[in-house]
K.L.:
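Below you will find the structure I want to go over with you.
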Amino acid sequence: MKKRHVRKTKGATVSLFSGTLFCSDCKSPLAYCGDKGVYRCSRYTNHGKNACTSHSIKENALADFVLGDIRSHARRIAVERDRLAERLLAALRANREAEVRALHAKRHEVAHQLEVNASNLKNLYADKCAGKLPEQVFYGLADDFTKEQRSLEQKLASLDGWLRGTVDNDHEVSEWMEQIERQLNIQALDRTTVAGLIKCIEVSEAVIKNGKREQAIFIEYRFIGTLIQNAKEDIA
């Protein structure tokens with residue numbers, strides 16, 4: 001996934017969306033140009049138009065858009081909390097079920113490799129005892145098998161940890177809804193609100209349609225991943 005780098009502008013001021021904004025095409029962070037109040041794709045800024053396009057967006061326009069999106073979700077929760085929670089849970093469970101199936105398949109594969117590894121090591125020992133395998137060769141191969149066994153056991157433990165972390169859907173949805181609902185009367189964004197609610201924002205390149213500038217902004221909120229995303233909007 002994406003790394004969050006908090007960048008400071010001149011005078012050691014952290015920009016509002018620092019560490020949160022990414023280019024929707026090349027996935028590079030958007031860098032803040034403090035003198036112009038604009039974010040631009042850092043890959044474009046550093047390497048030019050052959051590397052990417054600017055994906056330029058004004059901070060005040062983006063702040064208004066994100067604020068409106070947060071308020072919209074807060075209003076929806078206030079009016080139809082139970083129905084929205086049910087829909088989010090259904091979508092989240094569907095996503096998680098697919099994720100859990102993939103994890104179980106991987107766990108089965110690793111567990112099978114462990115069994116094969118143990119069987120191979122047992123056969124090696126039998127060959128050594130029968131004089132079919134020189135002792136020095138046996139110890140070298142046994143050492144390789146032991147190292148692989150440890151690596152597989154670590155993978156299995158990690159998979160079990162991931163599986164344990166994919167079951168609390170109800171708490172995740174409830175936590176997100178409570179966080180958003182607190183913002184019903186929010187008047188302005190600050191760093192704390194952005195960092196607390198939003199995991200990342202991807203910004204597309206702007207296009208001109210019917211004389212209007214359009215730019216797609218995709219907000220990935222914390223707790224519920226990409227289940228809540230906004231549509232294309234006009235950004236001046």
Side-chain angles (χ1 to χ4, degrees), residues 1-74 91-92 95 99 102 158 162 165 172 175-176 179-180 182-183 186-236:
M1 193 57 182
K2 310 171 182 75
K3 294 182 179 179
R4 294 170 65 88
H5 297 290
V6 176
R7 300 180 184 277
K8 294 184 177 181
T9 58
K10 294 178 180 179
T13 301
V14 179
S15 62
L16 181 60
F17 294 101
S18 182
T20 305
L21 287 182
F22 296 88
C23 170
S24 65
D25 292 319
C26 74
K27 309 305 179 185
S28 298
L30 264 61
Y32 184 60
C33 306
D35 55 334
K36 297 180 180 179
V38 169
Y39 293 93
R40 290 195 183 98
C41 172
S42 57
R43 188 174 182 183
Y44 166 83
T45 300
N46 294 330
H47 303 290
K49 63 182 180 181
N50 290 329
C52 196
T53 52
S54 70
H55 293 71
S56 176
I57 187 166
K58 294 179 181 177
E59 183 177 72
N60 58 359
L62 180 60
D64 288 343
F65 177 81
V66 173
L67 189 61
D69 197 60
I70 292 171
R71 284 173 177 161
S72 174
H73 292 311
L92 188 59
N95 283 5
E99 180 183 348
S158 294
W162 290 334
E172 192 167 3
E175 180 74 16
W176 180 80
Q179 288 268 6
I180 292 287
R182 293 190 199 112
Q183 311 303 325
I186 187 173
Q187 298 300 313
L189 282 180
D190 55 32
R191 279 285 307 164
T192 302
T193 302
V194 171
L197 289 178
I198 296 171
K199 187 174 183 179
C200 70
I201 301 172
E202 288 194 357
V203 178
S204 77
E205 179 61 26
V207 295
I208 304 299
K209 286 188 177 179
N210 300 320
K212 288 180 117 182
R213 187 177 189 270
E214 287 188 355
Q215 194 162 19
I217 314 297
F218 300 95
I219 302 173
E220 182 176 348
Y221 287 95
R222 293 188 179 280
F223 308 113
I224 62 165
T226 56
L227 296 179
I228 295 289
Q229 285 187 327
N230 59 289
K232 191 174 289 186
E233 291 285 339
D234 296 337
I235 300 291

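For this chain, numbers begin at 1 and follow the sequence in order. Predicted model, so just to flag it, every value in this text is computed and none were measured.
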K.L.:
Could you tell me if the side chain of K49 sits less than 4.5 Å from the side chain of Y44, heavy atoms only?
P.N.:
yes
K.L.:
Q215 side chain to S204 main-chain N or O, any donor-acceptor pair under 3.5 Å?
P.N.:
yes
K.L.:
Could I get the full list of side chain to side chain contact (heavy atoms under 4.5 Å, CB included) partners for D190, not counting sequence neighbours?
P.N.:
T192, T193
K.L.:
Would you sort out whether L16 and L62 count as a side-chain contact (heavy atoms from CB on, under 4.5 Å), showing the intermediate values?
P.N.:
CA-CA 10 Å; L16 181 60; L62 180 60; over 6 Å; no
K.L.:
Give, for atom CG of N46 and atom SG of C41, the distance between the pair rounded to the nearest 0.5 Å.
P.N.:
8.5 Å
K.L.:
How far apart are the C-alpha atoms of R43 and C23, what are their side-chain angles, what is the distance that settles it, and do they pass the side-chain contact (heavy atoms from CB on, under 4.5 Å) test?
P.N.:
CA-CA 9 Å; R43 188 174 182 183; C23 170; over 6 Å; no
K.L.:
What's the spacing between I201 CD1 and Y221 OH if we round to 0.5 Å?
P.N.:
8.0 Å
K.L.:
Any non-hydrogen side-chain atom of E59 less than 4.5 Å from a side-chain atom of K36?
P.N.:
no
K.L.:
For F22 versus L30, what's the shortest heavy-atom pair and its separation?
P.N.:
C-CD1, 3.3 Å
K.L.:
I would like to know whether L189 and V66 meet side-chain contact (heavy atoms from CB on, under 4.5 Å); could you show each step before the answer?
P.N.:
CA-CA 8 Å; L189 282 180; V66 173; 3.8 Å; yes
K.L.:
Between S42 (side chain only) and S28 (backbone N and O only), is there a donor and an acceptor less than 3.5 Å apart?
P.N.:
no
K.L.:
Of all residues at least two apart in sequence or in a different chain, which pass the ring-ring contact (aromatic ring centres under 6.0 Å, His included) check with Y39?
P.N.:
Y32
K.L.:
Between R191 and S18, what is the shortest heavy-atom contact and its length?
P.N.:
NH1-O, 2.8 Å
K.L.:
What's the separation between atom CD in E202 and atom CG in L21, rounded to the nearest 0.5 Å?
P.N.:
10.0 Å
K.L.:
Roughly how far apart are H73 NE2 and L197 CG, rounded to 0.5 Å?
P.N.:
10.5 Å
K.L.:
Check for a donor-acceptor pair, side chain of S24 on one end and backbone N or O of V203 on the other, with a separation under 3.5 Å.
P.N.:
yes
K.L.:
What residues form a side chain to side chain donor-acceptor pair (under 3.5 Å) with T53, not counting sequence neighbours?
P.N.:
H55, E205
K.L.:
Nearest 0.5 Å, what's the CZ-SG distance between R40 and C52?
P.N.:
13.5 Å
K.L.:
Heavy-atom count around F17 CZ within 6.0 Å, excluding the residue itself: above 12?
P.N.:
yes
